[in-house]
Amino acid sequence: MTARHDERLHDRKFVRTFFTTPTAVEGEEDSAKMLRSASGLSGMEAPDVWVPDNEDATAPSMRDEGAHNIIEVLSENGAAFPSEIHPRVVWHRDSPQTRYQGFQHMLDIADPDNGAVEHLDGFVIPEVGGIDDWKKADELITIVEAEHGLEEGSLAMSVIIESGAAELAMGELREEMGKPTNNLERLFMLVDGEVDYTKDMRAITPTGDLPAWPELRHNTSRGASAAGLIAVDGPYDDIRDVEGYRERMTDNQAKGMLGIWSLTPGQVVEANQAPLPPETGRWLLDDGTRQVDLDDQGDEQVYTGDRVSLTESGDGYVLTVGGDQQELDEDDLREELLDMAAYVPSMDDIVDSMEEFEAARDAGTGAIAMERATTIVIDDVAVDIATDRMWDEATYQAAMTPVSLFQDVYENRPDQHDDLADRYGQSVVERATDVGN
């Protein structure tokens, strides 16, 4: 398994969705009913990683039954599930008894005689501490593999960052991975667990709400990038706040954290779609407080808000943003609107630009200028704007990230092919799968 520290060793390069399901529900005739329901998900409702959760989501008294339910449901339905399956088992950095229980559950779930392991991709380990604790988990998974005659390293390990010690341990991964004394190359995902992290940090907020912890999310994304792993944000538990969930994902994506925990199939759909390029491009205008969508009227982009106004005044213009007023000539107005405006490219736009750059590069040109132009209308005053952006190899590689994500989804999630064709059109899908190859 020896590899560069930042080389990705797993089939998935991207994980958009980390969906947890209780493994045993107390008081139900079929305690595995939620597992059975989740195992039937497909298309955009199915996550990239399904996590039968035999830890926090399952009562302690039900966890032995939960491990049995995982075996039963995976052996029956695992072959038809369209993506990866990584059960979460119990673990705790300060409790040998808890770690032993998790080890026993892993032994049972991975036993080939039970019929589940052929559909199993790995395990999620919660409540880890310092790097030595990560090595303990790795060693026990290695023992599970040896006990059952599985290939060493065949079971992935993902950890949940729920303590300051675990956060600091991420900085040691590049040094530790690849040593002959461990199999830490089996690491797959680093997942933030902000609730227990808040408890471990003894943090207090006036309302009792969780802190946003942007530093933790940045550190996890950085740690994942440095070690060739995948970063996933923790659960967003206000399941009715769809807009807040979208905002959280947008903020995460700017940090390179493209995956997020999902608690419901509805959140799975949102999280599966969020990192994908939009189906249509759109223009935005900064009104002094936020970026607002302009109304696309074909050749014109019309501002319909009330914070920005524009009037003609003699040979010039008066532009008002909030309470700030400027008198500008035509050239200065155009420059001001260029600073205020931004364009969100569609998948078609991104692929167009990449294909144009590839053609220029193949012809021996190292950099080209690409123009984006439109007409912005504010209070019936129309202003033409145009911007040139230089594309070189670095720009091309940066633009490749959302396309690479799309290609990874297309390769690994054939159950989503129809959804992607509906979203973009089959022609764009075919071009997006070819670009960069």
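Quantities reported herein were computed from a predicted structural model and do not represent experimental measurements.
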*Return the orientation label for the F357 and W391 ring planes: parallel under 30°, perpendicular over 60°, tilted otherwise.*
tilted
*asked:* We want to know whether N219 and E167 form a side-chain donor-acceptor pair, criterion being a heavy-atom distance below 3.5 angstrom.
replied: yes
*For the atom pair CG (D121) and CG (L155), what is the distance rounded to the nearest 0.5 Å?*
9.0 Å
*Just by distance, with hydrogens left out, do D348 and S346 show a side-chain donor and acceptor under 3.5 Å apart?*
no
*Assess whether salt bridge (Lys or Arg N to Asp or Glu O under 4.0 Å) is satisfied between R431 and D352, documenting all intermediate values.*
CA-CA 9 Å; R431 291 167 56 223; D352 276 345; 2.5 Å; yes
*asked:* With a 4.0 Å cut-off on N to O distance, would you call R246 and D241 a salt bridge?
replied: no
*First locate atom CZ of R389, then atom CD1 of I368, and finally report the distance between them rounded to the nearest 0.5 Å.*
11.5 Å
_Please tell me whether N182 and E139 have a donor and an acceptor in their side chains that are separated by less than 3.5 angstrom._
no
_S221 (side chain) donor-acceptor with R217 (main chain) under 3.5 angstrom_ = no
*Would you please classify the geometry between the H86 ring and the F188 ring as parallel, tilted or perpendicular, with 30° and 60° separating the classes?*
parallel
*More than 12 heavy atoms of other residues, nucleotides or ligands under 6.0 Å from CD1 of I239: is that the case?*
no
*Can you tell me how far OG1 of T395 sits from CE of M400, rounded to the nearest 0.5 angstrom?*
14.5 Å
*Is there a donor-acceptor contact under 3.5 Å linking the side chains of R88 and T23?*
no
_Ring geometry between F18 and W261 (parallel below 30°, tilted from 30 to 60°, perpendicular above 60°)_ = perpendicular
*asked:* Give me the atom names and distance for the closest heavy-atom approach of A24 to N69.
replied: CB-ND2, 3.7 Å
*Should the heavy atoms of other residues, nucleotides or ligands under 6.0 Å from CE of M34 be counted, would the total exceed 12?*
no
*So does D362 have more than 12 non-hydrogen atoms from other groups sitting under 6.0 Å from CG?*
yes
*Does the side chain of D287 come under 3.5 Å of the side chain of Y303 through a donor N or O and an acceptor N or O?*
no
*For the atom pair CD (E270) and CD (E243), what is the distance rounded to the nearest 0.5 Å?*
9.0 Å
*Could you verify whether a donor N or O on one side chain and an acceptor N or O on the other, from S31 and E65, lie under 3.5 Å apart?*
yes
*How would you list, by chain and number, every residue that makes a salt bridge (Lys or Arg N to Asp or Glu O under 4.0 Å) with E72, sequence neighbours excluded?*
R36
*With a 4.5 Å heavy-atom cut-off, do R12 and N412 have their side chains touching?*
yes
*Going from OG1 on T20 to CH2 on W50, what distance comes out if it is rounded to the nearest 0.5 angstrom?*
11.5 Å
*In a check of side chain to side chain contact (heavy atoms under 4.5 Å, CB included) between M44 and each of D419, D418, T17, which one passes?*
D419
_Derivation of the salt bridge (Lys or Arg N to Asp or Glu O under 4.0 Å) call for D296 and R282_ = CA-CA 7 Å; D296 184 355; R282 70 187 198 277; over 6 Å; no
*Would you tell me whether Y245 and D238 have side-chain atoms, one donor and one acceptor, within less than 3.5 Å of each other?*
no
*Does any donor atom in the side chain of D192 or T220 lie under 3.5 Å from an acceptor atom in the other side chain?*
yes
*Evaluate salt bridge (Lys or Arg N to Asp or Glu O under 4.0 Å) for E176 paired with K135, printing each intermediate quantity in order.*
CA-CA 9 Å; E176 293 293 335; K135 292 178 185 177; 2.9 Å; yes
*Please find out if less than 6.0 Å separates the ring center of H417 from that of Y410.*
yes
*asked:* What verdict does the side-chain contact (heavy atoms from CB on, under 4.5 Å) test give for L258 and I230, after you've listed the backbone C-alpha separation in whole Å, the side-chain angles of each residue and the deciding distance to 0.1 Å?
replied: CA-CA 8 Å; L258 305 183; I230 289 172; over 6 Å; no
*Would you say Q97 has more than 12 foreign heavy atoms packed within less than 6.0 Å of its CD?*
no
_What I want to find out is whether K255 reaches D251 closely enough, with some N-O distance under 4.0 Å, to be called a salt bridge._
yes
*Counting only N and O atoms by type, is there a donor-acceptor contact under 3.5 Å from the side chain of N272 to the main-chain atoms of A46?*
yes
*Between D200 and S163: side-chain donor-acceptor atoms closer than 3.5 Å*: no
*Please check if any side-chain donor atom of D113 sits under 3.5 Å from a side-chain acceptor atom of H148, or the reverse.*
no
